[in-house]
Protein chains: 2
Amino acid sequence: MQLTRYTDYALRVLVYLGSAESGTTASAAEIAKFYGISRHHLSKVVSMLSEQELVIAARGRGGGIRLSVDPKDLCIGDLIRQTENLSIVECFNAETNTCPIASDCTLENLLQDATKAFLAVLDKMTLADLLPASQALLQIRLAR
Amino acid sequence: MQLTRYTDYALRVLVYLGSAESGTTASAAEIAKFYGISRHHLSKVVSMLSEQELVIAARGRGGGIRLSVDPKDLCIGDLIRQTENLSIVECFNAETNTCPIASDCTLENLLQDATKAFLAVLDKMTLADLLPASQALLQIRLAR
DNA sequence: AATCGGTGTAGCGCGTGAGTTGCATAATCT
DNA sequence: AGATTATGCAACTCACGCGCTACACCGATT
């Protein structure tokens with residue numbers, strides 16, 4: 001049971017952007033280099049975040065990416081609801097279900113409750129809470 | 001974020017076996033037919049459950065599969081810990097990590113806590129709790 | 001010993017997630 | 001207008017999860 005790599009990178013992009021001074025931009029190439037993946041791949045993630053209006057991406061010289069919301073207003077649970085498919089088994093979705101007992105299944109209810117518990121923990125935090133307290137990220141960024 | 005199909009089928013096999021009278025066996029072919037997959041594929045799942053000593057599989061005429069534990073002693077949280085890789089992002093595992101800020105990351109801690117909350121809900125239930133209350137499974141089984 | 005009814009497992013093919021490549025398009029600076 | 005610095009995205013490749021086929025092996029019955 002894993003979060004998709006897209007969700008993982010989405011979180012990383014947001015943490016990276018949130019660690020900067022408010023309003024500053026970073027380029028996709030810079031962030032990609034920091035996390036060791038290609039710019040093109042990271043751009044796909046940025047496009048998704050842009051569609052969800054979590055970041056603003058500006059093309060062209062002097063362009064780049066910045067947060068479009070205040071870190072303290074960005075609920076991590078909401079982000080994950082947007083980026084992840086949370087049907088953790090196929091019977092959560094009537095269209096994909098093949099299980100013959102899905103219509104009366106305690107297991108499905110249990111897994112729904114477990115998923116809710118997972119998200120409830122995430123709902124308590126915002127991006128602001130995730131920004132490095134020890135300035136580790138800033139130190140790493142400044143070292144490059 | 002999905003449970004693997006193996007975990008899903010493992011749960012289904014256990015629910016199927018648990019719905020029978022105590023101690024009765026079912027064949028892999030029978031269970032596979034019930035869930036609409038090939039016997040060979042279901043056998044891989046059964047082999048995993050057998051290795052984990054949750055079921056006993058007997059070869060040969062009159063063989064088959066039966067639960068090796070009492071449904072009320074089979075904790076769903078423990079099962080999922082055994083069948084799933086719960087490193088929901090790569091940084092949970094130092095060997096696979098590529099994230100440069102993993103050593104000091106609030107996000108990792110948050111996702112660990114969310115995973116624990118997910119499992120805490122599952123830990124409250126046993127296989128006994130999952131067996132169909134309305135006898136839907138038994139009705140379906142008897143109809144075949 | 002042969003047959004029947006069972007499980008065990010290696011190897012294979014397909015679909016999809018993940019990451020790359022190449023090029024298009026855009027915006028600012030000179 | 002051209003150069004530079006930026007994002008956007010289609011098409012591609014690869015790895016792996018998933019499910020299948022084929023055959024091996026097993027144990028009871030005849």
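Proteins get letters first, then strands, A, B, ... in listed order; numbering begins at 1 in each.
When the P atom of C:dT7 is taken as reference, atom CD1 of B:I56 falls 14 Å away, rounded to whole Å. Residue A:E51 contributes atom CD, which lies 13 Å from atom C1' of D:dT7 at whole-angstrom precision. To the nearest angstrom, C1' of D:dC20 lies 13 Å from CG of B:L42. When rounded to the nearest whole Å, the span between OH of A:Y9 and C1' of C:dT20 equals 13 Å. Residue A:M1 contributes atom CE, which lies 14 Å from atom P of D:dC18 at whole-angstrom precision. Rounded to whole Å, the distance from NZ on B:K33 to C1' on C:dT7 is 19 Å. A:N85 has its CG atom 12 Å from the P atom of C:dA18, to the nearest Å. Atom CE of A:M48 is separated from atom P of D:dC9 by 13 Å (rounded to the nearest Å).
Positionally, the nearest nucleotide of DNA chain D for B:I37 lies more toward the 5' end than for the other of B:R59 and B:I37. Comparing A:L3 and B:A28, the nucleotide of DNA chain C nearest to each residue sits closer to the 5' end for B:A28. Position along DNA chain C of the nearest nucleotide to B:A58 versus A:G36 favours B:A58 as the more 5'-ward residue.
Closest contact between the side chain of B:R5 and the listed nucleotides D:dG27, D:dC9, D:dG19 involves D:dG19. The side chain of B:S38 approaches D:dC20 more closely than any other nucleotide in the set D:dT7, D:dC20, C:dT21. Here the nucleotide nearest the side chain of A:I65, chosen from C:dG19, C:dT9, D:dT7, is D:dT7. The side chain of B:R61 lies closest to C:dG5, out of D:dA22, C:dG22, C:dG5. Closest to the A:H41 side chain, of the nucleotides D:dG8, C:dG8, C:dA18, is C:dA18. Proximity note for B:A57 (side chain, C-beta onward) versus D:dG19, D:dG8, C:dG8: the nearest is C:dG8.
When the side-chain nitrogen and oxygen atoms of A:S43 are compared with OP1 and OP2 of D:dC9, none of them lie within a distance under 4.0 Å. Within the 4.0 Å cut-off from OP1 or OP2 of C:dG17, not a single side-chain nitrogen or oxygen of A:T4 is found.
The residue from B:H41, B:H40, B:R39 that alone fulfils the side chain to side chain donor-acceptor pair (under 3.5 Å) condition with B:S43 is B:R39.
A donor-acceptor contact under 3.5 angstrom links the side-chain atoms of A:H40 to the base of C:dG22. The base of D:dG17 is not paired with the side chain of B:K44 by any donor and acceptor separated by under 3.5 Å. For B:R39 against C:dG8, a side-chain N or O and a base N or O form a donor-acceptor pair under 3.5 Å.
Remark: A:D123 does not engage A:K116 in a salt bridge, criterion side-chain N to carboxylate O under 4.0 Å.
Counting non-hydrogen atoms under 4.0 angstrom, B:S27 reaches the backbone sugars and phosphates but no base. B:G64 comes within 4.0 angstrom of the backbone, heavy atoms only, and of no base. Among the protein residues, B:S50 comes within range of no part of the nucleic acid, since none of its heavy atoms lies under 4.0 Å from any strand.
Judged purely by distance below 3.5 Å, without hydrogens or angles, the side chains of A:D129 and A:T126 pair a donor atom with an acceptor atom. Judged by distance alone, the side chains of A:T4 and A:E84 do bring a donor and an acceptor atom under 3.5 Å apart.
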(message) Assess the residue pair B:E90 and A:R5 against the criterion (salt bridge (charged side-chain N to carboxylate O under 4.0 Å, His left out)); give the C-alpha distance rounded to whole Å, side-chain angles, the decisive distance to 0.1 Å, and a yes or no.
(response) CA-CA 9 Å; B:E90 59 155 358; A:R5 298 283 281 174; 3.4 Å; yes

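Annotation for A:A117 and B:V121: closest pair CB-CG2, 3.4 Å, computed over non-hydrogen atoms.
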